[in-house]
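For reference, the structure discussed in these notes is given below.
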Amino acid sequence: MSVLRAIEQKIEGLVEGVFGRAFRTNVQPVELARKLVKEMDDHRTVSVSRVYVPNEYTIYLSTHDRTQFQAYEDSLKLELQEYLAEHARREGYVMLSPPAVLFNTDSDLGVGVFGIATRMVQRGRKTGPPDTPVPKPAAAATMVYRPKTDPSAAAEPGEAPVERESVWLSVDGERHPVDKRVMVLGRAQDCDIRLADPNVSRRHAEVRQEETSYWIVDLGSTNGMEVNGRRLRQAKLEDGDRVTLGSTDVVFERELP
């Protein structure tokens with residue numbers, strides 16, 4: 001049996017009995033473990049001679065899911081940290097310190113939905129020789145996972161299958177994926193989404209991800225911004241919200257369960 005599978009079984013063992021039955025329809029701890037290592041793999045930074053990965057992982061849970069973890073949260077946190085450390089050793093990754101797993105409650109999340117934010121944080125003495133280049137600590141990036149619409153897609157019996165949600169900005173029928181923490185909209189060439197509208201400023205507005213939520217913020221544009229017909233400087237975005245910049249409508253689309 002592989003070391004990772006043995007750790008997975010320990011994580012599964014934490015939720016046997018009452019907790020195991022409760023989590024059949026909610027967040028699965030073993031699914032958290034698998035998505036944590038996926039986020040580690042997805043946020044690799046290649047240096048001169050090493051591959052660095054984040055060393056801080058923040059898990060965002062709904063109020064209901066977080067409450068059901070409380071009885072054994074500390075034990076689960078240690079198991080998840082061990083799981084991340086073992087995966088890093090097997091893959092030859094380098095972390096600036098042993099992995100840390102944090103739990104936060106996010107009231108915007110529904111039952112079974114969770115977010116994972118990763119950061120590369122310098123704590124104490126860095127790993128490796130003094131002349132080893134270390135990448136600049138990265139800003140937190142949160143990925144949100146939600147239950148799949150097809151329950152039969154579960155990897156194992158009793159496990160709640162999850163997938164990353166998709167977030168889009170739709171402009172004139174063209175959909176642009178929101179795949180960065182901050183995306184700038186405007187006429188300038190360096191904007192993430194360029195708008196060919198003379199009434200739009202060069203850097204008109206930006207969409208920001210704050211933990212598991214998204215906000216639209218006016219960047220001091222000449223003609224301002226409207227959200228669902230209301231003139232605002234900033235607004236929290238929900239699926240289907242229509243943002244008007246100049247004469248251009250931008251529709252925010254977020255797949256939620």
Side-chain angles (χ1 to χ4, degrees), residues 25-28 31-32 34-36 38-39 42-43 57-66 103-119 138-151 153 160-186 191-195 197 200 203-219 221 224-246 248-257:
T25 56
N26 301 326
V27 172
Q28 298 291 307
E31 193 64 52
L32 289 178
R34 292 168 183 167
K35 297 310 179 188
L36 283 169
K38 176 174 174 53
E39 292 303 317
D42 288 350
H43 290 88
Y57 298 79
T58 302
I59 299 173
Y60 296 94
L61 296 164
S62 70
T63 302
H64 182 75
D65 284 324
R66 180 76 186 278
F103 283 91
N104 274 340
T105 303
D106 191 326
S107 59
D108 288 336
L109 296 178
V111 174
V113 182
F114 62 92
I116 298 177
T118 65
R119 285 204 308 163
T142 304
M143 290 297 174
V144 177
Y145 291 89
R146 61 185 182 85
K148 290 183 179 179
T149 55
D150 180 10
V162 297
E163 61 185 349
R164 278 185 182 176
E165 71 170 10
S166 298
V167 180
W168 307 84
L169 293 176
S170 182
V171 183
D172 295 330
E174 182 178 358
R175 300 176 83 201
H176 303 267
V178 178
D179 51 11
K180 299 166 60 177
R181 287 190 65 249
V182 177
M183 293 190 67
V184 179
L185 297 83
C191 287
D192 298 291
I193 299 179
R194 294 188 64 193
L195 304 176
D197 180 346
V200 169
R203 295 174 63 85
H204 198 114
E206 66 184 18
V207 172
R208 301 175 184 169
Q209 185 185 25
E210 300 290 343
E211 296 184 345
T212 61
S213 300
Y214 290 85
W215 292 74
I216 182 81
V217 180
D218 187 282
L219 297 177
S221 65
M225 173 183 76
E226 291 185 0
V227 180
N228 298 325
R230 296 178 58 199
R231 196 168 183 82
L232 300 170
R233 297 290 297 176
Q234 65 178 32
K236 186 177 180 179
L237 293 172
E238 304 293 344
D239 182 43
D241 281 349
R242 184 175 299 272
V243 179
T244 302
L245 308 177
T248 302
D249 286 339
V250 179
V251 179
F252 179 76
E253 302 176 12
R254 184 178 188 183
E255 294 181 359
L256 290 173

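Counting from 1, the numbers follow the sequence of the chain as shown. Because the structure is predicted, anything quoted here is derived from the model rather than measured.
- Panel note: side chain Gln234, backbone Trp215; no donor-acceptor pair is recorded below 3.5 Å.
- With Asp65 contributing its side chain and Gly112 its backbone, the two residues share a donor-acceptor pair below 3.5 Å.
- Ion pairing between Glu206 and Arg208 holds under the 4.0 Å rule for side-chain N and carboxylate O.
- At least one side-chain heavy atom of Arg254 sits under 4.5 Å from a side-chain heavy atom of Val144.
- Remark: side-chain polar atoms of Thr142 are paired, donor with acceptor, to backbone N or O of Glu211 under 3.5 angstrom.
- Note that NE2 of His176 and OG of Ser170 are 7.5 Å apart. Values are rounded to the nearest 0.5 Å.
- Heavy atoms only, all atoms of each residue included: Leu109 and Ser62 are closest at O-CB, 3.3 Å.
- The structure places CG of Asp218 at 8.0 Å from CG of Leu245, a figure rounded to the nearest 0.5 Å.
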**Request:** Show your reasoning for whether side chain to side chain contact (heavy atoms under 4.5 Å, CB included) applies to Val250 and Ile193.
**Result:** CA-CA 10 Å; Val250 179; Ile193 299 179; over 6 Å; no

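- Without hydrogens or angle criteria, His204 side chain to Gly224 main chain gives a donor-acceptor distance under 3.5 Å.
- Using a distance-only test at 3.5 Å, with no hydrogens or angles considered, a donor-acceptor pair links the side chain of Asp241 to the main chain of Glu238.
- Within the 3.5 Å criterion, the main-chain N or O of Gly246 finds no donor-acceptor partner in the side chain of Asp197.
- Here the OG1 atom belonging to Thr58 is positioned 12.0 Å from the CG atom belonging to Asp106, to the nearest 0.5 angstrom.
- Contact annotation: the side chain of Lys38 never approaches that of Ile116 to less than 4.5 Å [non-hydrogen atoms, C-beta and beyond].
- Using a 4.5 Å heavy-atom threshold, the side chains of Val167 and Met183 count as separate.
- In terms of heavy atoms, Trp168 sits closest to Val178 at C-CG2, 4.0 Å.
- Each of Lys35, Glu165, Glu39 was checked for a side chain to side chain donor-acceptor pair (under 3.5 Å) with Tyr145, and the lone residue meeting it is Glu39.
- Of the inter-residue distances, the one linking Phe114 atom CZ with Leu61 atom CG reads 8.5 Å to the nearest 0.5 angstrom.
- Shown here is Arg242, whose CZ atom has no more than 12 heavy atoms of other residues, nucleotides or ligands within 6.0 Å.
- Counting heavy atoms from C-beta on, the side chains of Leu219 and Val184 come closer than 4.5 Å.
- Here Met225 contributes atom CE and Leu185 contributes atom CG; the two are 10.5 Å apart, rounded to the nearest 0.5 Å.
- No side-chain donor-acceptor contact under 3.5 Å links Asn104 to the backbone of Tyr60.
- Classified by interplanar angle (parallel below 30°, tilted 30° to 60°, perpendicular above 60°), the ring pair Phe252/Tyr214 is tilted.
- We find the CG-CD1 distance between Leu169 and Ile216 to be 7.0 Å, quoted to the nearest 0.5 Å.
- Within 6.0 Å of atom CZ in Arg194, more than 12 heavy atoms from other residues, nucleotides or ligands are found, so the atom counts as buried in its surroundings.
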